[in-house]
Q: 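So that we are looking at the same thing, I have put the structure below in structure tokens.
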Protein chains: 2
Amino acid sequence: MGRWEPNAVQRLQQAAWKLFAERGYADVTVTEIAERAGLTKRSFFNHFADKREVLFAGAQGFEADILGYLAETDADAEPIDAAIAALTRGGLDLTPYREPARIRRGLIASSTELQERNLIKMASLTAAIAEALGERRVPARTAAFAAQAAVAAFDAAYDDWAADATADFSALMRQALSDLRHAVDAAHDEEPPQS
Amino acid sequence: MGRWEPNAVQRLQQAAWKLFAERGYADVTVTEIAERAGLTKRSFFNHFADKREVLFAGAQGFEADILGYLAETDADAEPIDAAIAALTRGGLDLTPYREPARIRRGLIASSTELQERNLIKMASLTAAIAEALGERRVPARTAAFAAQAAVAAFDAAYDDWAADATADFSALMRQALSDLRHAVDAAHDEEPPQS
DNA sequence: CCGGTGAGTGCACCTGGTGCCATCAGTGAT
DNA sequence: ATCACTGATGGCACCAGGTGCACTCACCGG
């Protein structure tokens with residue numbers, strides 16, 4: 001393990017975050033990020049596949065965590081309940097990082113490039129969950145739809161959580177799932193959800 | 001209205017499709033597309049925002065059609081049923097274009113760039129449907145989830161239709177919606193869906 | 001015949017991204 | 001000490017996507 005200044009990846013991420021926060025994603029150049037981290041453009045691309053990736057560093061680990069939590073759920077539970085449980089635990093892990101989450105959210109909203117990347121990360125998460133559910137004795141279709149529904153609920157809850165500093169993430173997930181079922185259910189006798 | 005060779009946009013699309021089909025998306029350059037259409041790179045970008053967009057030309061019109069169909073549905077229907085009805089009609093309109101749909105599908109599968117673009121187009125469609133549903137007296141949350149569910153069902157049905165030449169799209173949509181409800185429902189007394 | 005309009009073009013330029021090879025810090029073995 | 005090795009880094013040339021700007025030129029209407 002060679003050693004120059006350590007933690008090149010971290011330094012690049014920090015530099016990128018600062019610059020993006022200062023001047024917005026589009027107006028920052030990869031060369032600038034690298035130089036602020038004491039490196040070069042070439043080294044940036046040795047660590048990140050492209051400019052967008054520097055903002056989605058956590059995604060891979062998050063996906064792995066979710067799959068871990070999913071494996072811990074009761075194997076006989078309904079697929080969607082298992083997925084919701086796993087995503088709820090994963091979301092709770094993010095609780096300490098509300099401020100970065102808000103900044104990231106703003107950046108993504110400002111750039112269609114980043115929106116696309118975000119969507120494909122969510123799709124990747126969904127696919128991974130669906131595959132894991134598929135290893136239980138569940139039809140692939142059911143697994144895929146359950147995963148999509150669970151991730152949709154997560155996404156909504158995550159957004160609410162980013163917007164409302166006082167909210168409890170578990171409660172937001174429960175509410176989102178309930179709203180989702182309400183929206184999808186054919187039989188529709190109860191009140192519409194408030195808000 | 002000035003006149004050179006007419007239909008520049010069409011010519012560019014046709015040239016792009018042919019070249020992509022021959023050599024794959026990644027190995028074709030914008031300059032090549034433009035030249036095969038008798039134009040220049042600069043003109044290509046006067047007509048399309050970027051290289052990806054040439055494959056998604058129909059998306060805007062499709063979205064508009066769906067919104068039109070949605071407006072024709074019974075205003076008192078369940079949001080998800082209205083969305084499903086509109087998407088079913090839209091899907092039926094595509095029936096004559098199965099072969100192009102299959103090619104497009106293969107191209108998209110081969111390039112993450114195109115997958116990202118595809119996802120954002122679907123997201124745009126979803127958002128448009130959700131907004132339209134929101135103008136009925138439906139909570140925004142319900143509208144959003146209903147739209148997501150309906151588009152998810154459409155996507156699954158569309159995939160099935162592209163894969164199976166003998167399938168009836170309406171039936172595929174009904175099946176997809178049924179599977180979706182099965183996957184999302186809490187109360188789960190019936191058989192799992194076959195397939 | 002004349003001025004306007006708008007599609008198409010030429011060109012210079014920027015940035016993201018890659019292939020290839022050189023370099024150089026530390027590591028473990030001799 | 002020294003040497004071979006490894007892996008992070010850097011330099012460089014190069015490509016493709018994409019943009020700003022000024023220009024041409026076919027056609028239009030008067």
Side-chain angles (χ1 to χ4, degrees), chain A residues 1-20 22-57 107-108 110-121, chain B residues 1-20 22-57 107-108 110-121:
Chain A
M1 306 167 224
R3 292 262 181 73
W4 287 253
E5 302 295 325
N7 307 326
V9 175
Q10 263 189 44
R11 269 154 49 217
L12 286 166
Q13 290 182 52
Q14 285 177 1
W17 272 81
K18 279 188 188 168
L19 287 168
F20 292 161
E22 286 170 16
R23 316 205 318 259
Y25 175 81
D27 281 350
V28 174
T29 190
V30 171
T31 307
E32 287 175 308
I33 298 171
E35 280 172 358
R36 175 163 311 195
L39 295 172
T40 65
K41 177 188 159 193
R42 194 67 191 80
S43 291
F44 178 97
F45 287 114
N46 284 339
H47 291 290
F48 298 98
D50 56 47
K51 185 184 173 189
R52 282 133 265 165
E53 243 1 69
V54 74
L55 267 180
F56 292 88
L107 286 171
I108 291 175
S110 76
S111 151
T112 64
E113 245 176 274
L114 292 176
Q115 287 166 40
E116 290 186 333
R117 182 55 51 91
N118 192 44
L119 286 171
I120 211 172
K121 293 292 182 187
Chain B
M1 305 169 226
R3 293 260 180 76
W4 287 252
E5 302 295 324
N7 306 328
V9 175
Q10 262 188 45
R11 271 156 46 218
L12 286 166
Q13 288 181 54
Q14 285 176 2
W17 271 81
K18 281 187 187 169
L19 288 167
F20 291 161
E22 287 171 15
R23 313 203 323 255
Y25 175 81
D27 282 352
V28 174
T29 188
V30 171
T31 306
E32 286 175 307
I33 299 171
E35 278 172 0
R36 175 163 310 195
L39 295 172
T40 65
K41 175 187 160 192
R42 194 65 191 82
S43 292
F44 179 97
F45 288 114
N46 284 339
H47 291 291
F48 298 98
D50 55 48
K51 187 184 171 190
R52 282 133 265 164
E53 216 45 32
V54 75
L55 267 180
F56 293 88
L107 286 170
I108 291 175
S110 76
S111 150
T112 62
E113 247 177 87
L114 293 176
Q115 288 166 40
E116 290 185 334
R117 182 55 51 91
N118 192 45
L119 286 170
I120 211 172
K121 293 292 181 186

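By convention in this document, chain letters (A, B, ...) are assigned in the order of the sequence lines, proteins followed by strands, and residues within each chain are numbered from 1.
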Q: Do the charged groups of B:Glu116 and B:Lys121 touch, with an N to O distance under 4.0 Å?
A: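 No, no charged N to carboxylate O under 4.0 Å.
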Q: Does B:Glu22 come within less than 4.0 Å of B:Arg36, counting only side-chain N to carboxylate O?
A: yes
Q: Expressed in angstrom and rounded to an integer, what is the separation of B:Lys51 atom NZ from D:dT19 atom P?
A: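 To the nearest whole Å, that distance equals 15 Å.
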Q: Quick one: label A:Val28 by what it contacts on the DNA or RNA (base, sugar-phosphate, nothing), any heavy atom closer than 4.0 Å.
A: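 Sugar-phosphate, no base atom in range.
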Q: Round to a whole Å and report the spacing from CZ of A:Arg52 to P of D:dG17.
A: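 About 14 Å, once rounded to whole Å.
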Q: For A:Arg42 and A:Ala26, find the nucleotide of DNA chain C closest to each by heavy atoms; which residue's nucleotide sits nearer the 5' end?
A: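 Of the two residues, A:Ala26 wins.
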Q: Atom CZ of B:Arg23 and atom P of D:dA16: how far apart are they, to the nearest Å?
A: 11 Å
Q: For C:dG8, does either OP1 or OP2 sit under 4.0 Å from a side-chain N or O belonging to B:Ser43?
A: no
Q: Grab the CG-P distance between B:Asp50 and C:dT15 for me, whole Å please.
A: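 Nearest whole value for this atom pair: 19 Å.
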Q: Compare side-chain N and O positions of A:Thr29 against OP1 and OP2 of C:dG16 and report whether any pair is under 4.0 Å apart.
A: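 It does, given that an N or O in the side chain of A:Thr29 lies less than 4.0 Å from OP1 or OP2 of C:dG16.
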Q: Does a side-chain N or O from B:His47 land closer than 4.0 Å to OP1 or OP2 of C:dA7, or not?
A: no
Q: Counting only N and O atoms by type, is there a donor-acceptor contact under 3.5 Å from the side chain of B:Asp50 to the main-chain atoms of B:Glu53?
A: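 Present.
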Q: Using a 6.0 Å distance limit plus a 45 degree cone around the ring axis, check whether B:Lys51 lies over the aromatic ring of B:Tyr25.
A: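 Judged by the rule, B:Lys51 and B:Tyr25 form a cation-pi pair.
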Q: Between B:Asp27 (CG) and D:dC15 (P), how many Å, whole number?
A: 15 Å
Q: Please state whether the phosphate of D:dT9, meaning OP1 or OP2, lies under 4.0 angstrom from any side-chain nitrogen or oxygen of A:Thr40.
A: no
Q: What's the CD-P distance between B:Glu35 and C:dG8, to the nearest Å?
A: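 In whole Å, C:dG8 P and B:Glu35 CD are 16 Å from each other.
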Q: Look at all strands and tell whether B:Asn46 reaches a base, only sugar-phosphate, or nothing, counting heavy atoms closer than 4.0 Å.
A: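 Touches a base.
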Q: What is the distance from CZ of B:Phe45 to P of C:dA7, rounded to the nearest Å?
A: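 About 18 Å, once rounded to whole Å.
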Q: Take atom CZ of A:Arg11 and atom P of D:dT9, then tell me their distance rounded to the nearest Å.
A: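 The distance from CZ of A:Arg11 to P of D:dT9 comes to 7 Å, rounded to the nearest Å.
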Q: Distance criterion of 3.5 Å, no angle test: do you see the side chain of B:Lys41 paired donor-to-acceptor with the base of D:dG18?
A: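 Looking at the base of D:dG18, it does pair with a donor or acceptor on the side chain of B:Lys41 (distance under 3.5 Å).
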Q: Kindly determine whether A:Glu32 and A:Lys41 satisfy salt bridge (charged side-chain N to carboxylate O under 4.0 Å, His left out), including the steps that lead there.
A: CA-CA 8 Å; A:Glu32 287 175 308; A:Lys41 177 188 159 193; over 6 Å; no
